[in-house]
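Have a look at the structure below before the remarks.
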Protein chains: 2
Amino acid sequence: MAKEVVPEAARKRRKPTKAGVVLSEQLIVETAMRLLQQSGREGLTVRRLGAALGADPSSLYRYFRGADDLTLAIADELIGRAMRGWEATGDWRADLRELGMRIHSAYLAHPQAAVLTASRVSGRANEIDADEVILGVLRSAGLPDREVVRIYHAFIDQTLAFAVLDAAGLALPPAARAADEAVWHATYARLPAETHPNIAATVPLLVARMNNSAYPTALDMLLDNAAAAIARARAADPGA
Amino acid sequence: MAKEVVPEAARKRRKPTKAGVVLSEQLIVETAMRLLQQSGREGLTVRRLGAALGADPSSLYRYFRGADDLTLAIADELIGRAMRGWEATGDWRADLRELGMRIHSAYLAHPQAAVLTASRVSGRANEIDADEVILGVLRSAGLPDREVVRIYHAFIDQTLAFAVLDAAGLALPPAARAADEAVWHATYARLPAETHPNIAATVPLLVARMNNSAYPTALDMLLDNAAAAIARARAADPGA
DNA sequence: CAGCTTATGCCAACGCCATTGACATGGTTG
DNA sequence: CAACCATGTCAATGGCGTTGGCATAAGCTG
């Protein structure tokens with residue numbers, strides 16, 4: 001097999017596979033995401049990906065160094081989809097809120113991919129561009145870099161943390177997901193009030209609320225905090 | 001192999017393995033967590049767990065239905081460790097803060113285990129007890145159940161979300177972790193100011209801040225929000 | 001203590017998996 | 001048009017989770 005993967009841009013000879021498919025990094029990533037969505041994390045194996053593409057599994061090693069490299073490419077594609085079509089309005093708060101909600105939504109749209117790539121740093125183009133954009137929004141609001149970085153850090157961590165947590169609930173393999181849901185009805189809902197009075201008293205409310213995300217609320221809390229920091233910065237240096 | 005796993009409490013015949021070890025659910029879970037800590041997620045396989053215990057891999061299926069069942073047991077042990085020794089002080093805010101920090105710390109102490117068990121609902125004893133305790137703290141503060149559940153939901157999701165995100169950074173296999181860190185120095189730190197001015201301007205600050213958790217700040221935001229809700233409830237119904 | 005039952009651990013085997021090296025083939029280039 | 005070599009394929013390796021059948025000894029019964 002190849003020692004080195006040829007960068008996508010340098011590919012010249014596009015040779016169709018036996019099944020007549022012309023491979024590309026893009027096609028492989030898209031197919032991998034489709035497999036993830038269809039059959040969950042367990043559904044994505046090199047062999048099955050090869051089969052789904054109509055190519056020998058070992059062909060994929062011409063495009064990715066290994067499974068981990070493919071994972072990073074999927075991570076970058078997720079961020080890319082979140083950012084696609086976004087444009088700054090000039091209102092930092094609206095922009096940041098929109099960015100947060102877009103990332104959250106993009107992850108929830110592909111929960112298995114989101115969990116698979118949780119907290120990886122791909123260093124690929126889309127990820128870098130997103131970071132550049134977020135930092136730019138905060139810096140344009142007139143914050144000193146120290147505060148920019150504090151809020152950037154909280155923003156990106158909180159967004160990814162909720163995105164992954166919310167995605168994880170959707171991403172469980174059907175069996176595990178069914179088991180987890182059954183726990184609520186079979187275990188929690190049947191706890192006697194004598195031993196677990198607080199759960200017993202609130203179980204209907206708990207069940208009703210469990211499927212919503214707390215992210216929007218948390219995001220607004222963070223934006224309030226950022227607004228206060230901006231007001232402070234303006235008061236300290238009105239010329240800025 | 002056994003159709004059904006014998007519950008730990010019902011075990012009578014404790015037969016040592018060839019290597020002289022007497023198995024138990026507790027011993028297996030502890031050994032699994034040790035393997036996770038030593039060699040990461042890839043280090044925990046049924047075969048290696050058997051070897052580490054001095055038992056045939058298939059013996060473990062007498063204690064757990066499969067790998068997923070073992071995962072849930074690890075999840076429950078993690079929560080159990082977070083709660084061990086905790087006692088209510090009667091001050092809801094201090095209690096809730098302490099609970100959040102304990103869960104966060106317990107996860108960070110076993111990052112690989114934290115990631116492995118991310119967002120699973122075990123329904124086992126320790127998890128149920130923790131939920132009962134948290135709900136109890138909020139209800140004792142004089143909130144109506146509707147608000148209790150709203151804040152409980154945000155609290156537990158935010159805590160687990162940050163715990164898992166922060167743990168994930170520590171939990172990467174050494175190779176991947178090294179790769180991710182290298183990205184910061186090899187890729188981000190070298191981006192030219194012409195194309196990525198905002199990253200270039202803030203990179204030293206970013207690198208310095210990256211290793212801290214934003215969880216304590218986010219937790220305090222949530223506690224502020226809860227305090228406001230409690231004040232509202234008291235104003236609306238002074239008799240409560 | 002003797003004998004029985006059966007829980008428990010062990011063995012061998014199955015069909016997956018990721019990854020690799022050697023080889024075949026056909027696109028591109030000169 | 002011919003040669004090169006990037007790309008796809010094949011076959012093999014070693015590891016994985018899981019299972020069925022079997023041996024053995026723990027604890028019960030008398």
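Within every chain, numbering begins at 1; the chains are lettered A, B, ... in the order of the sequence lines, protein sequences first and strands thereafter. Hydrogens, waters and symmetry mates play no part in the numbers below; they use all other heavy atoms, side chains included.
- B/Tyr215 and A/Asp157 are not linked by any side-chain donor-acceptor pair at a separation below 3.5 angstrom, with hydrogens and angles left out of the test.
- In this structure, the CZ atom of B/Phe64 is 15 Å from the P atom of D/dG17, given to the nearest Å.
- Heavy atoms of A/Thr45 sit under 4.0 angstrom from primed sugar atoms or phosphate atoms, though from no base atom.
- If you take CZ of A/Arg41 and P of C/dC17, they are 16 Å apart, rounded to a whole angstrom.
- When the C1' atom of D/dT18 is taken as reference, atom CG of B/Asp68 falls 14 Å away, rounded to whole Å.
- Atom CG in A/Leu44 sits roughly 17 Å away from atom P in C/dC16 (whole-Å rounding).
- Atom CD of B/Glu25 and atom C1' of C/dA7 are 17 Å apart (whole Å).
- Annotation: of the two residues near DNA chain C, B/Lys15 and B/Lys18, the 5′-most nearest-nucleotide partner is B/Lys15.
- Distance, A/Ile28 CD1 to D/dT7 C1': 12 Å, rounded to whole Å.
- For the pair B/Arg124 and B/Glu8, the salt-bridge criterion is not met [side-chain N within less than 4.0 Å of a carboxylate O].
- Partners of B/Ala201 under the side chain to side chain contact (heavy atoms under 4.5 Å, CB included) rule, at least two apart in sequence or in another chain, are A/Arg139, A/Asp145.
- Here D/dG17 is the nucleotide among C/dC10, D/dG17, D/dG8 with the atom lying nearest to any side-chain atom of B/Val46.
- Closest to the side chain of B/Ser58, from the set D/dG20, D/dG27, D/dG8, is D/dG20.
- An OP1 or OP2 oxygen of D/dG15 is reached within less than 4.0 angstrom by no side-chain nitrogen or oxygen of B/Arg48.
- The side chain of B/Ser59 contributes an N or O atom lying less than 4.0 Å from OP1 or OP2 of C/dC10.
- Residue B/Arg62 has its side chain nearest to D/dG21 when only C/dA18, D/dT18, D/dG21 are considered.
- Under the 4.0 Å criterion applied to side-chain N and carboxylate O atoms, B/Glu77 and B/Arg34 are not assigned as salt-bridge partners.
- With hydrogens and angles ignored, a donor-acceptor pair under 3.5 angstrom links the side chain of B/Arg47 to the base of D/dG17.
- Rounding to whole angstrom units, OH of residue A/Tyr61 and C1' of C/dG21 are separated by 14 Å.
- With the nearest nucleotide of DNA chain D identified for both A/Gly54 and B/Arg14, A/Gly54 has the one nearer the 5' end.
- Protein atom CD of B/Glu42 is 17 Å distant from nucleotide atom P of C/dC17, rounded to whole Å.
- When only modelled atom types and interatomic distance are considered, B/Tyr63 and B/Gln26 share no side-chain donor-acceptor pair under 3.5 Å.
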